[in-house]
2 protein chains.
Amino acid sequence: MKVLIVEDDPLHRSYLHEAVNAALPECDTVIEAENGTVGEKLARDHKSAHIVMDLQMANRNGIEAARTIWKERPETRILFWSNYSDEAYVRGVSRIVPDGAAYGYVLKSASDERLKLALRSIFIESQCVIDREVRGLQQKSLGQTNGFTDSEYEILVDIALGLTDRAIAKRRGLSLRSVQNRLQQLYDKLDVYQSGGDDHEDGRFNLRARAVTVAFLRKLLNYSALERAEAELQEWLDGK
Amino acid sequence: MKVLIVEDDPLHRSYLHEAVNAALPECDTVIEAENGTVGEKLARDHKSAHIVMDLQMANRNGIEAARTIWKERPETRILFWSNYSDEAYVRGVSRIVPDGAAYGYVLKSASDERLKLALRSIFIESQCVIDREVRGLQQKSLGQTNGFTDSEYEILVDIALGLTDRAIAKRRGLSLRSVQNRLQQLYDKLDVYQSGGDDHEDGRFNLRARAVTVAFLRKLLNYSALERAEAELQEWLDGK
DNA sequence: CGCCGTCTTGCGTAAACCCGCAGCTTGTTG
DNA sequence: CAACAAGCTGCGGGTTTACGCAAGACGGCG
């Protein structure tokens with residue numbers, strides 16, 4: 001059995017290496033990659049390897065890497081090991097996981113024990129292991145209560161990218177008015193009207209910009225999500 | 001001599017601990033804090049301590065902590081040890097460093113040797129040590145070429161927060177038109193008109209929102225900067 | 001089938017935004 | 001002091017947003 005570790009930080013990398021050795025005596029080779037690009041390449045070279053992947057990496061982030069890896073080989077087992085449980089990450093991951101694939105999401109703050117258990121569950125037993133905290137987010141976001149529809153999330157990303165209503169309409173194949181409807185829906189859910197709605201109206205917000213900020217502060221968006229969305233946008237722009 | 005380590009990540013924390021021991025034999029006590037809040041408290045308790053501080057921490061980030069520490073004791077020597085050299089961080093740090101204070105900014109990717117040298121230079125020799133990469137940013141941002149004025153940065157933050165032109169005018173004591181002037185200036189510098197300015201005009205951007213996005217992608221803004229700005233905004237809103 | 005909720009679309013309006021033009025106040029420089 | 005650059009401000013107008021109102025379209029359900 002082979003395990004591929006994809007992780008930015010040398011300290012974390014060697015920690016992972018040890019953890020893998022301790023948790024999986026049946027594993028005979030451990031390979032390391034220090035960014036997403038190298039990770040993809042090594043995954044291609046070692047087709048049987050299971051993967052432990054950091055999400056936040058400078059060169060090419062974990063979600064990107066995982067997507068191309070899964071595209072080539074959907075049955076690959078990947079354990080995401082991340083510092084954060086931003087909804088943006090969680091959403092990003094669940095968007096790309098293939099049907100029936102075994103994967104995991106464990107926070108770096110988890111104990112050694114938890115990490116080892118997760119390693120064994122996923123790589124040996126093919127079971128999904130999602131950190132409790134992450135799991136909570138996932139359910140809240142999928143359940144309609146307090147969560148965001150895909151269409152709402154989509155339009156959030158679009159205004160975060162800085163598109164006009166018209167451009168969004170064109171991109172998503174909607175009328176102008178429909179786009180604006182979704183925006184209102186979004187504004188409602190993000191509670192953008194806060195602080196100033198009742199008394200004097202002088203401190204009002206620019207709803208569009210405020211929505212993006214609030215989403216950022218709530219970790220619905222983060223840098224990595226923006227980066228991905230921007231790449232998709234450019235692709236679309238080039239494709240006419 | 002005492003050294004206080006303020007760092008989120010247990011692995012990094014113990015690495016730092018060792019590095020301090022190795023670089024500073026004259027140091028007899030090393031104290032550790034796992035977030036900014038605790039760091040502030042321990043800094044108060046151990047007034048003579050030099051500090052090594054991580055910037056990105058979940059609970060209370062390094063810039064906040066450093067600010068209150070320096071407010072109480074401006075001669076404290078602080079070495080910032082960070083994963084990133086986002087302009088937002090660099091700007092945030094240089095905004096709060098007291099006149100004549102000795103401080104340092106070293107990236108986590110630096111070698112052991114570099115870290116040790118920095119520790120000695122700052123804590124023993126009272127010299128400022130700024131990582132080469134960070135230094136580059138600093139100069140570019142202070143020099144007018146390609147850099148952003150304080151007023152431009154200020155208005156960038158304001159629209160990122162989602163304020164209306166009118167609200168910004170009130171907050172900064174300007175006329176509406178002046179605010180809009182600065183905005184145009186900002187749009188120019190951020191090169192927001194890209195892609196579509198020449199040929200067909202269908203893929204246009206909402207300049208205001210686009211500016212924020214571009215700033216994010218260029219790391220002029222990041223989560224921590226937004227968080228701080230939001231706190232200041234709330235303060236201002238409360239103060240009428 | 002008819003009723004109902006959700007989603008889409010068009011029309012219309014008030015507000016906000018982007019920005020060219022031009023007059024003023026400053027600080028700087030020869 | 002004259003000249004000039006840089007920033008602030010008001011005016012005016014074209015465009016984009018935010019959103020109420022109301023008329024279809026579609027799917028589920030009794």
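Treat the numbers as computed from the prediction; the structure is a model and nothing was measured. Order of the sequence lines sets the chain letters (A, B, ...), proteins ahead of strands, with each chain counted from 1. These numbers come from the heavy atoms of this one structure, side chains and all, not from hydrogens, waters or symmetry mates.
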With a 4.0 Å cut-off (strictly under) to non-hydrogen atoms of chain A, the first and last hit nts on DNA chain C, 5' to 3', are C:dT8 to C:dC17
Encode nucleotides 10-20 of chain D as B, S and - characters from 5' to 3', where the letter depends on protein heavy atoms closer than 4.0 Å: B to the base, S only to sugar-phosphate, - to neither. BB----SSBBB
Indicate the atoms forming the closest heavy-atom contact of B:Ala160 with B:Leu226, along with that distance. O-CD2, 4.3 Å
Describe, in one word, how the ring planes of A:Phe123 and A:His50 are oriented to each other, choosing from parallel (under 30°), tilted (30 to 60°) and perpendicular (over 60°). parallel
Start with the C-alpha gap between B:Phe216 and A:Phe216, add the side-chain angles, then the distance that decides, and say whether ring-ring contact (aromatic ring centres under 6.0 Å, His included) holds. CA-CA 11 Å; B:Phe216 249 101; A:Phe216 249 101; 4.2 Å; yes
Between the main-chain N or O of B:Val97 and the side-chain N or O of B:Trp70, is there a donor-acceptor pair closer than 3.5 Å? no
A:Gln234 vs A:Glu230, test: side chain to side chain donor-acceptor pair (under 3.5 Å). Steps then yes/no. CA-CA 6 Å; A:Gln234 289 304 333; A:Glu230 173 73 13; 3.1 Å; yes
Can you say whether the rings of B:Tyr84 and B:Tyr89 are parallel (under 30°), tilted (30 to 60°) or perpendicular (over 60°)? parallel
Would you call the rings of B:Phe80 and B:Tyr105 parallel, tilted or perpendicular, where under 30° means parallel and over 60° means perpendicular? tilted
Exercise: identify the closest heavy-atom pair between A:Ile122 and A:Gly104: CD1-CA, 3.5 Å
Within this structure, what is the CG-to-P distance between A:Leu174 and D:dC26, rounded to whole angstrom? 15 Å
Sugar-phosphate only, base, or nothing, as touched by B:Arg172 at under 4.0 Å among non-hydrogen atoms: nothing
